[in-house]
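Below is one structure, written out as structure tokens; the observations come after it.
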Amino acid sequence: MATSERYEPHDFEQRWAQTWVSEAAYAVPDNPGGRRKRFVMEMFPYPSGDLHMGHVENYTIADAMARYWRMRGFMVMHPMGYDAFGLPAENAAIKRGVHPHEWTLSNIDKMRSSFIRLGYSYDWAREVISCEPDYYRWNQWIFLQMFQRGLAYRSTSPVNWCPVDKTVLAKEQISTGVCWRCGTEPEIRDLTQWFLKITDYSDRLLDDMQGLEWAESILTQQRNWIGRSEGAEVVFKLKVDGSDEVHDFPVFTTRPDTLWGATFFVLAAEHPAAAEMVSGTEHEAEFTKFVDEVRRQSEMERVGGKDKSRGMRLPAVAINPVNGEEIPVWAADYVLMGYGTGAIMAVPAHDQRDFDFARAHDIPIRVVVQPEGQSLAADEMTEAAAGTGVLAESGEFTGTKVDPSTQEGIVDVIAWLSEQGKGKRRINYRQRDWLVSRQRYWGTPIPIIFCDSCGEVPVPYEDLPVQLPEQADYGATEDAVSPLANNEEFVNAPCPKCAKPAKRETDTLDTFFDSSWYFLRYCDPKNDKHPFNPGKVAKWGPVDNYFGGVEHAVMHLIYARFFTKFFKDMGLVDFDEPFMRLFNQGHVSWAGKEMSKSTGHVIEASATIDEYGADSARTFILFSSPPEADYDFPADGYGEIGRVAHSWLARVWRILENVSDEPVPDDLNSQVHRSVKAVTADMEDFGLNTAIAKMMELINAFYKRSGPVPRAAAEVFLKLLAPVAPFITEELWHRYGNEGSIHQQRWPTYDESLAELSKVTMVIQVNGKVRDKVEVAPDVTKEQMQQLALDSEKVKSYLNGNDPLKVISVPPKLVNVVVK
RNA sequence: GCGGGCGUGGCGGAAUGGUAGACGCGCAGGAUUUAGGAUCCUGUGGGCUAAGUCCCGUGGAGGUUCAAGUCCUCUCGCCCGCACCA
């Protein structure tokens with residue numbers, strides 16, 4: 001006799017969760033063998049505390065898909081790890097006196113147990129924690145490999161320095177303009193720091209995008225970030241007032257065709273040449289003040305600020321190579337040291353930013369490209385004319401048509417410049433080398449020793465890891481250096497080459513370094529001889545499906561692509577791209593604001609799980625919005641989260657708890673096949689919210705019939721639901737008396753002919769507006785449809801006895817009769 | 001400022017250029033009871049109405065099309081990124 005129990009998820013969810021862990025239910029071997037492999041992973045989390053509902057969204061989407069693919073017959077590797085170095089651990093240490101390592105690991109423990117409670121199908125044996133020496137030693141190994149190949153080098157770069165706390169400040173720590181701890185205005189200090197030569201890979205990073213199944217918007221953002229532009233390098237000569245010396249000064253321009261319109265020359269404010277030419281003159285004080293202001297600004301403020309006039313006249317002239325003209329030299333904030341040569345020729349008539357600057361300082365404007373059919377006069381212009389046109393006042397090129405979008409005319413100017421020795425073709429990139437030095441404690445020590453005799457000496461591989469010392473101060477240093485500099489024991493080391501006393505590098509690596517290769521470590525997480533075994537990576541790599549937010553569109557995703565190409569060059573991997581398919585899930589916010597542990601603005605996952613169960617949390621978050629869309633939890637009533645899904649799962653439980661052994665009747669069978677077809681199509685398209693909606697329809701169909709649901713139909717439903725709600729489906733599956741896990745079952749198939757409806761609604765439109773509807777067989781012909789439409793009384797009333805102008809039939813759904 | 005997105009009922013959202021609002025929440029009326037985290041039935045975009053397969057309706061303004069939430073142009077609003085948060 002059938003028993004009846006209420007849906008009490010807590011009774012069985014934790015039992016199954018523990019079973020899956022203890023039986024390593026989702027472990028996969030190093031070699032998937034003959035099975036089709038699928039490497040599925042999510043961007044690993046920063047362990048800031050317990051999981052919040054934003055995490056639940058990200059990881060549930062990926063887990064549901066991983067479970068679906070497993071049921072589709074793939075051998076799925078689904079690993080998890082923790083991006084465990086970083087600023088918040090140090091902040092917590094400074095504020096609360098807990099060691100970053102301790103703080104981080106306790107957060108990891110909380111997150112791991114929430115992952116387990118949520119039933120995520122991870123292979124726990126592959127877990128990676130980036131702050132542990134068995135991981136970061138390989139960061140050091142990779143860094144040294146890059147160093148040996150000339151891809152890691154040192155150069156000067158400014159940092160923000162708090163003179164009170166005596167520490168380098170991250171941008172986030174001065175988001176209010178002052179130091180987050182003491183409120184002091186930061187100073188700018190120049191430090192010698194480590195860079196990676198990612199620009200060597202710019203072209204490959206661009207070219208290889210074509211093989212990626214990523215959203216076009218992400219690829220576009222990457223393209224724009226790399227910012228390849230074709231143009232010319234043109235050599236101007238610079239003459240400083242009161243000096244006879246003339247220096248060559250190249251500039252990069254995408255519009256060499258407008259050279260004849262250059263009316264001034266601009267150096268980046270921080271260009272050393274600018275400082276040099278005012279040094280010892282009456283302009284020096286004013287200039288120093290100006291540069292100081294500019295350097296305090298972010299790049300965004302500099303380039304995008306409202307004030308388009310910030311600049312200062314320098315005591316020099318530049319000589320235009322195409323006409324020998326002497327033009328004034330300025331320093332301005334809108335020219336960046338890091339782009340091109342740090343100097344530009346300014347053509348106000350044909351560049352908007354130059355135009356704004358020229359107008360602000362009464363610098364002459366000269367039109368040298370006349371747009372077709374126009375005759376622009378400089379003093380009447382209200383904006384620059386950056387488009388196509390015909391060259392004017394441009395020497396022998398006067399009359400030449402130029403088009404920046406096709407390079408028409410421009411290539412001819414470049415060829416001429418080369419011939420004349422005045423310039424040459426050049427491709428410039430917006431992308432800059434990657435600054436990886438951080439003046440922080442909680443990161444990977446950079447494995448270099450500085451020796452007075454031998455210079456930059458790599459720590460020998462056999463001495464890795466350079467262990468991060470256990471020390472208690474993470475803040476103040478005497479000068480703008482890393483807190484590790486306070487640790488004498490760490491700093492002093494013999495030179496590996498000559499054995500004389502030497503000093504270690506005290507900077508640590510940017511945490512983006514850690515996340516640039518962790519997916520490879522998942523393939524071989526315990527290797528203590530190498531970062532990974534190439535044979536193992538060859539079996540599982542590259543990642544087939546990567547899940548993560550759009551906020552990583554450029555930096556992380558470009559850095560990981562760069563590392564992969566570097567490993568390819570080393571012969572360690574046999575693929576060029578790390579992530580074949582990328583899925584960008586939406587952002588989850590609450591009351592319009594991003595959830596953040598540090599501000600306490602979070603909806604913690606465990607609260608929802610405690611109250612309604614893990615299946616409810618999963619189902620709710622997947623049903624609430626399409627996976628790629630942002631979702632904002634309402635400001636009030638968030639405590640009700642999960643109730644909606646819980647009551648539906650309770651309904652599923654009531655309807656399917658008891659099943660019958662009768663065969664599935666035809667009409668129900670047809671509905672089941674239709675549901676399988678629809679849900680499968682949605683799953684293939686990551687349409688988890690609509691897939692759940694279609695499961696709801698099937699449950700409603702089950703409910704409408706009287707008596708218990710036939711077991712065969714119920715089991716099909718459970719398999720459809722299994723990726724979304726793994727616990728209730730496993731529980732009912734076992735209650736039906738099945739052996740083994742439902743999650744090892746194959747995804748149900750459907751029969752197209754059974755899935756078909758016997759009747760469909762045909763809509764009859766007149767001039768595109770619905771006027772009538774009739775039921776037709778799905779294989780109705782166009783002729784039959786037309787006849788039905790013309791027979792409609794409704795249509796006849798619009799025709800008034802006339803013939804229709806046109807009849808359009810879309811079998812079997814729609815006929816449109818065009819009248820009058 | 002530059003680059004990339006998104007705008008549909010009271011709410012989350014659904015719609016290969018082809019019935020706008022699937023599915024669900026909420027709300028209203030009702031039923032029932034083992035009073036539960038109940039359950040079930042009916043209704044639910046707006047307007048006018050005696051009645052309508054009547055009119056209006058997908059941020060706004062134009063356009064293309066037999067047909068536009070969907071395609072095009074312009075525009076407004078919001079979100080993400082912009083190189084030391086990750």
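Naming convention: chains lettered A, B, ... in sequence-line order (proteins, then strands); numbering from 1 in each chain.
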Judged by nearest nucleotide, the residue sitting upstream toward the 5' end of RNA chain B, A:Trp648 or A:Ile218, is A:Ile218

Nearest-Å distance for atom pair CG/C1', residues A:Asn224 and B:G1:
15 Å

For this output row, return yes or no: ring centroids of A:Phe583 and A:Phe547 closer than 6.0 angstrom.
yes

Pairwise P distance for B:C82 and B:A67, with rounding to whole Å:
46 Å

Rounded to whole angstrom, note down the C1' distance from B:U49 over to B:C54.
9 Å

For A:Gln221 and A:Val554, which heavy atoms make the closest approach, and how far apart are they?
O-CG1, 3.5 Å

Take the protein atom CZ of A:Arg771 and the nucleotide atom P of B:C66, then report the distance between them rounded to whole Å.
18 Å

Separation of B:G4 atom C1' from A:Trp214 atom CH2, nearest Å, is 15 Å

Taking the P atom of each, how far is B:G57 from B:A20, in whole Å?
12 Å

Using the P atoms only, state how far B:U42 lies from B:A22, rounded to an integer number of Å.
15 Å

Contact between A:Arg561 and A:Gln222 at the side-chain level, heavy atoms closer than 4.5 Å - yes or no?
yes

Taken in chain and number order and not counting sequence neighbours, the residues that satisfy side chain to side chain contact (heavy atoms under 4.5 Å, CB included) with A:Gln352 are A:Phe355, A:Asp356, A:Glu383, A:Ala384

Rounded to the nearest angstrom, tell me the gap between atom CG in A:Asp682 and atom C1' in B:A15.
12 Å

Output one letter per nucleotide in nucleotides 73-86 of chain B: B when a protein non-hydrogen atom lies under 4.0 Å from the base, S when only the sugar-phosphate is that close, - when neither is.
------SSSBBBBB

For a quick check, with a 4.0 angstrom heavy-atom cut-off, what is the B/S/- contact string for nucleotides 16-23 of chain B, read 5' to 3'?
--BB--BB

Holding to side chain to side chain contact (heavy atoms under 4.5 Å, CB included), I want the full list of residues that pass it with A:Thr254, two or more places apart in sequence or in another chain.
A:Ser229, A:Phe252

Is the shortest distance from a Lys or Arg side-chain nitrogen in A:Asp433 or A:Lys197 to a carboxylate oxygen in the other one below 4.0 Å?
no

Do A:Thr761 and A:Glu775 have side-chain N/O donor and acceptor atoms under 3.5 Å apart?
yes

Check against salt bridge (Lys or Arg N to Asp or Glu O under 4.0 Å), A:Asp682 and A:Lys694
CA-CA 9 Å; A:Asp682 282 343; A:Lys694 280 151 196 172; 2.8 Å; yes

What integer number of Å spans the C1' atoms of B:A28 and B:G45?
16 Å

Please encode protein proximity along nucleotides 30-44 of chain B as a string of B, S and -, counting only heavy-atom distances under 4.0 Å.
------SB-SSS---

So, do A:Lys308 and A:Arg353 sit near enough that their side-chain heavy atoms are less than 4.5 Å apart?
yes

Partners passing side chain to side chain contact (heavy atoms under 4.5 Å, CB included) against A:Arg654 (at least two apart in sequence or in another chain):
A:Ala650, A:Arg651

Look at all strands and tell whether A:Asp772 reaches a base, only sugar-phosphate, or nothing, counting heavy atoms closer than 4.0 Å.
base

How many whole angstroms separate atom CZ of A:Arg353 from atom C1' of B:G1?
9 Å

Rounded distance (Å) that lies between atom P of B:G4 and atom CG of A:Leu582
17 Å

N/O to N/O distances under 3.5 Å, protein versus nucleotides 49-52 of chain B:
none

For A:Trp653, check ring pair (Phe, Tyr, Trp, His ring centres under 6.0 Å) against everything at least two apart and list the hits.
A:Tyr7, A:Phe12

Can you tell me whether the base of B:G9 sits syn or anti, using the 90° cut around 0 to define syn?
syn

Using Watson-Crick or G-U wobble pairs with both distances under 3.5 Å, give me RNA chain B in dot-bracket, 5' to 3', with [ ] for crossers and | for pairs to another strand.
(((((((..(((.....[....)))((((((.......))))))((((...).)))..(((((..]....))))))))))))....

Which residues satisfy the ring pair (Phe, Tyr, Trp, His ring centres under 6.0 Å) test with A:Tyr136, sequence neighbours excluded?
A:Phe85

Pair A:Arg674 + A:Glu697: basic N to acidic O under 4.0 Å
no

Rounded to whole angstrom, note down the P distance from B:G24 over to B:U34.
28 Å

Rounding to the closest angstrom, what is the interatomic distance between B:G4 and B:G9 at atom P?
27 Å

Any side-chain heavy-atom pair of A:Phe195 and A:Trp434 under 4.5 Å
no

What is the distance, to the nearest angstrom, from the CG atom on A:Leu688 to the P atom on B:G24?
18 Å

Atom CZ of A:Phe633 and atom P of B:G13: how far apart are they, to the nearest Å?
11 Å

Atom C1', compared across B:C56 and B:C2: separation rounded to whole Å
41 Å

Quick one: closest heavy-atom pair of A:Gln439 and A:Ser437, and the distance?
NE2-CB, 4.1 Å

For A:Glu270, give me all partners under salt bridge (Lys or Arg N to Asp or Glu O under 4.0 Å), at least two apart in sequence or on another chain.
A:Arg302

Would A:Phe563 and A:Phe513 count as a close aromatic pair, with their ring centres under 6.0 Å?
yes

Under the ring pair (Phe, Tyr, Trp, His ring centres under 6.0 Å) test, residues paired with A:Phe357 that sit two or more places apart
A:Phe264, A:Trp330, A:Tyr334, A:His361

